[in-house]
Amino acid sequence: MTGTGIRLQAPAPGWAIDADVVVVGSGVAGLTAALRCTAAGLRTVVVTKARLDDGSTRWAQGGIAAALGEGDTPGQHMDDTLVAGAGLCDEEAVRALVTEGPDAVRRLIATGARFDKDDSGTIELTREGGHHRRRIAHAGGDATGAEISRALVDAVRDRGVRTIENALVLDLLTDADGRTAGVTLHVMGEGQHDGVGAVHAPAVVLATGGMGQVFSATTNPAVSTGDGVALALRAGAEVSDVEFVQFHPTVLFLGRDAEGQQPLVSEAVRGEGAHLVDADGVRFMVGQHELAELAPRDIVAKGIMRRMREQGVDHMYLDARHFGAAMWESRFPTILAACRTHGYDPVTEPIPVAPAAHYASGGVRTDLRGRTTVPGLYACGEVACTGVHGANRLASNSLLEGLVFAERIADDIVAHRGRAGEPVPHPAPLALPLLAPSSRTRIQHVMTAGAGVLRSAASLAAAAEELDAIHGEAAGDSGSGEHKAGVPGVESWETTNLLCVARVLVAAARRREETRGCHWREDHPDRDDTAWRRHLVVRLEPDRSLDVRATATHDFPPTDAAVPAPGAARAPGAAAARTAPAAPAAAWAPEASEIPEAADAPEAPGTPEASGAPSTPAVTEPAAAAEAAEAPATPADAPREP
């Protein structure tokens with residue numbers, strides 16, 4: 001058995017349905033996987049936390065990156081992705097993304113997605129940070145995600161895919177051999193099913209999105225509470241690179257006390273020529289990077305934070321007054337409306353901006369087929385760590401990653417379709433102490449202060465101590481007080497999941513003692529390839545502690561290696577070749593011909609350099625939130641592996 005035995009406190013399922021595959025999430029990744037599985041004849045069920053179109057995908061403004069333009073090639077796209085990833089991208093995963101991406105976009109268009117075109121009928125392409133060419137396709141000016149979501153939701157409904165909306169997935173079901181056997185879930189409100197139930201299936205696809213709500217200010221919607229990562233950890237899956245949280249450089253600044261989802265000012269605004277300036281109108285990014293405002297996001301975010309610290313202010317400005325009213329209204333109508341709603345008019349004044357939590361580059365560790373370390377459990381989209389993003393996601397690669405790896409997952413499920421084993425109860429399951437919903441804001445404040453854009457040993461240690469205290473108050477609830485234990489329900493489950501991912505993130509950020517990509521350690525300001533060009537892999541143990549290990553090199557170990565029972569000795573991630581994709585399933589949409597054919601594939605890169613670094617010993621970190629760990633966080637002077 002590979003699971004932990006740890007489960008959320010919840011009533012026993014009162015109903016159950018059977019399927020061949022259950023997809024959790026209804027963004028670009030989840031719906032693409034569901035459509036492809038359905039087209040192959042699999043009984044597919046989509047479970048989504050709100051409505052079908054309420055996930056993160058519809059909030060994506062900039063667009064989807066692919067080598068579609070004249071003169072562009074997958075090789076150039078790959079180069080830009082590898083540079084942004086700061087030495088931690090998996091090159092095979094990136095190659096799959098950039099070579100399969102153009103055709104995946106064509107299939108998306110054939111499904112009904114309508115991208116913006118010029119007068120000749122050619123798809124319009126723009127630039128964003130880190131891209132050396134115009135390769136970002138957009139829709140509705142700055143409403144690309146909303147258009148992609150509309151097209152996929154319409155296709156799901158047209159094809160009669162079974163959906164369960166307003167349902168929070170709780171935990172993974174497994175059979176006697178430790179293989180996936182479905183999920184438990186709680187349906188909110190009345191409908192065909194209500195309360196806690198189960199979907200029995202031999203394949204589960206996690207496409208639950210990100211964890212942005214772990215911070216006070218984020219571009220993520222309220223549903224992004226890290227549920228998929230928390231579920232995977234409890235199921236015994238490994239997560240990786242969770243310390244790499246991308247903070248979007250240009251989020252509309254609504255005041256230092258603003259909380260929750262904040263309006264995004266797309267990178268495409270800078271791609272079209274907007275300038276970052278301080279209060280005196282000085283373009284402070286010029287000279288910091290060859291691409292100035294179009295440098296990779298981590299560099300721009302750091303540049304903004306440095307200037308803010310130098311001047312003792314809490315925001316900078318984005319100046320695009322030279323666009324004029326017509327361009328703002330046609331190219332960026334959503335952003336224009338959001339700014340005006342909050343009292344700013346970008347046509348006549350600079351926009352106040354500051355970084356905010358935006359995207360998790362890490363997540364549930366997968367191979368090139370989207371398989372996790374738990375047999376039958378897959379992950380794609382923001383919840384997954386495919387190796388594409390490395391230490392920092394290249395702008396607009398996220399929608400493309402969702403498309404490409406969802407198709408790969410569906411192909412693998414079809415190629416290895418099986419029957420679900422009978423779910424079995426775990427021996428003496430450990431019910432987690434649920435947090436009261438009031439703890440949510442406290443967690444967010446702790447994470448913003450201690451694990452935000454600027455991190456240090458001191459700030460992370462303080463965050464770990466406070467997160468332990470929050471958990472301890474729930475575990476030892478006296479029945480009174482603001483932070484008493486919660487009772488089973490959506491808000492308590494979400495808050496418990498948030499604490500889980502918060503503690504995992506802090507544990508990994510403490511361990512990585514360098515600055516790389518979007519992980520910025522003020523006490524370790526330099527990148528250290530000798531000691532740290534490797535991944536941190538985290539696993540939850542049955543005693544509710546976290547096993548945090550570094551891989552031996554910058555390569556991921558395979559996910560299909562024999563996974564020992566929790567507590568058994570394991571090698572610390574020796575590098576190995578990752579698995580190749582399965583034969584493709586039947587396409588769920590015809591090819592489209594309105595985009596130029598993909599350019600030549602990139603040449604195979606040279607043999608990865610040998611790390612030469614020794615393997616590292618296991619070190620146990622305190623458990624992730626929903627885990628009732630009593631042990632304190634690893635102190636700053638404790639032994640650490642490189």
Side-chain angles (χ1 to χ4, degrees), residues 85-86 88-90 206 208-215 218 220 224-247 298 357-366 372-373 379-393 398 401 443-444 446-448 450-453 455 460 463-464 467 497-521 532 534-541 545-551 556 559 573 619-627 633-634 641:
L88 283 186
C89 294
D90 181 276
L206 294 179
T208 53
M211 57 180 77
Q213 288 292 326
V214 78
F215 295 96
T218 178
N220 290 192
S224 297
T225 52
D227 307 316
V229 171
L231 177 151
L233 282 164
R234 292 192 296 270
E238 294 179 349
V239 302
S240 186
D241 297 352
V242 289
E243 68 271 31
F244 296 117
V245 176
Q246 187 177 80
F247 288 79
D298 63 307
H358 183 57
Y359 191 89
S361 292
V364 184
R365 190 169 77 81
T366 75
T372 74
T373 51
C380 59
E382 190 173 355
V383 71
C385 180
T386 63
V388 160
H389 304 308
N392 184 43
R393 175 178 68 99
S398 51
E401 183 196 33
I443 294 168
Q444 293 169 331
V446 168
M447 292 298 290
T448 297
V453 179
R455 301 169 178 176
L460 291 166
L467 294 174
N497 285 339
L498 278 175
L499 183 55
C500 173
V501 297
R503 295 179 78 178
V504 173
L505 194 162
V506 168
R510 294 182 77 184
R511 184 65 53 79
R512 183 173 290 279
E513 295 178 327
E514 66 159 353
T515 290
R516 181 185 297 270
C518 51
H519 173 67
W520 188 7
R521 286 284 298 260
W532 283 110
R534 58 192 67 195
H535 304 273
L536 289 177
V537 176
V538 186
R539 183 175 172 179
L540 176 65
E541 299 291 347
S545 65
L546 288 178
D547 179 21
V548 183
R549 297 170 180 262
T551 57
F556 275 121
T559 60
V619 179
T620 299
E621 291 284 354
E627 302 77 12
T634 302
E641 76 232 16

Mind listing the closest non-hydrogen atom pair of [X] and [Y] along with its distance?
{"X": "Thr373", "Y": "Gly236", "answer": "OG1-O, 4.2 Å"}
{"X": "Thr218", "Y": "Asn220", "answer": "OG1-N, 3.0 Å"}
{"X": "Ser240", "Y": "Leu536", "answer": "OG-O, 3.0 Å"}
{"X": "Arg534", "Y": "Ala550", "answer": "CD-CB, 3.7 Å"}
{"X": "Ala357", "Y": "Phe215", "answer": "CB-CD1, 3.5 Å"}
{"X": "Gly517", "Y": "Asp298", "answer": "O-OD2, 3.1 Å"}

Polar side-chain atom of [X] near backbone of [Y] as donor-acceptor pair, under 3.5 Å:
{"X": "Gln246", "Y": "His358", "result": "no"}
{"X": "Thr448", "Y": "Gln444", "result": "yes"}
{"X": "Arg521", "Y": "Arg510", "result": "yes"}

Nearest 0.5 Å please: distance from the [atom1] atom of [X] over to the [atom2] atom of [Y].
{"X": "Leu505", "Y": "Phe244", "atom1": "CG", "atom2": "CZ", "result": "10.5 Å"}
{"X": "Leu233", "Y": "Glu541", "atom1": "CG", "atom2": "CD", "result": "11.0 Å"}
{"X": "Ile443", "Y": "Gln213", "atom1": "CD1", "atom2": "CD", "result": "11.5 Å"}
{"X": "Asp90", "Y": "His535", "atom1": "CG", "atom2": "NE2", "result": "7.0 Å"}

Inset, instruction - Please determine which of Asp227, Asn497, Val501, Val504 meets the side-chain contact (heavy atoms from CB on, under 4.5 Å) test together with Met211. - result: Val501
Legend entry - Residue list, ring pair (Phe, Tyr, Trp, His ring centres under 6.0 Å) with His519, at least two apart or on another chain: none
Are the side chains of [Y] and [X] in contact, using a 4.5 Å heavy-atom criterion?
{"X": "Thr515", "Y": "Arg455", "value": "no"}
{"X": "Cys385", "Y": "Phe556", "value": "yes"}
{"X": "Leu546", "Y": "Leu540", "value": "yes"}
{"X": "Trp532", "Y": "Arg511", "value": "yes"}
{"X": "Val538", "Y": "Arg365", "value": "no"}
{"X": "Arg539", "Y": "Val537", "value": "no"}

Inset, instruction - Identify, with sequence neighbours excluded, every residue that meets side chain to side chain contact (heavy atoms under 4.5 Å, CB included) alongside Ala379. - result: Leu206, Val364, Thr366, Thr372, Val383, Ala384
Legend entry - Pair Glu401-His389, side-chain donor/acceptor within less than 3.5 Å: yes
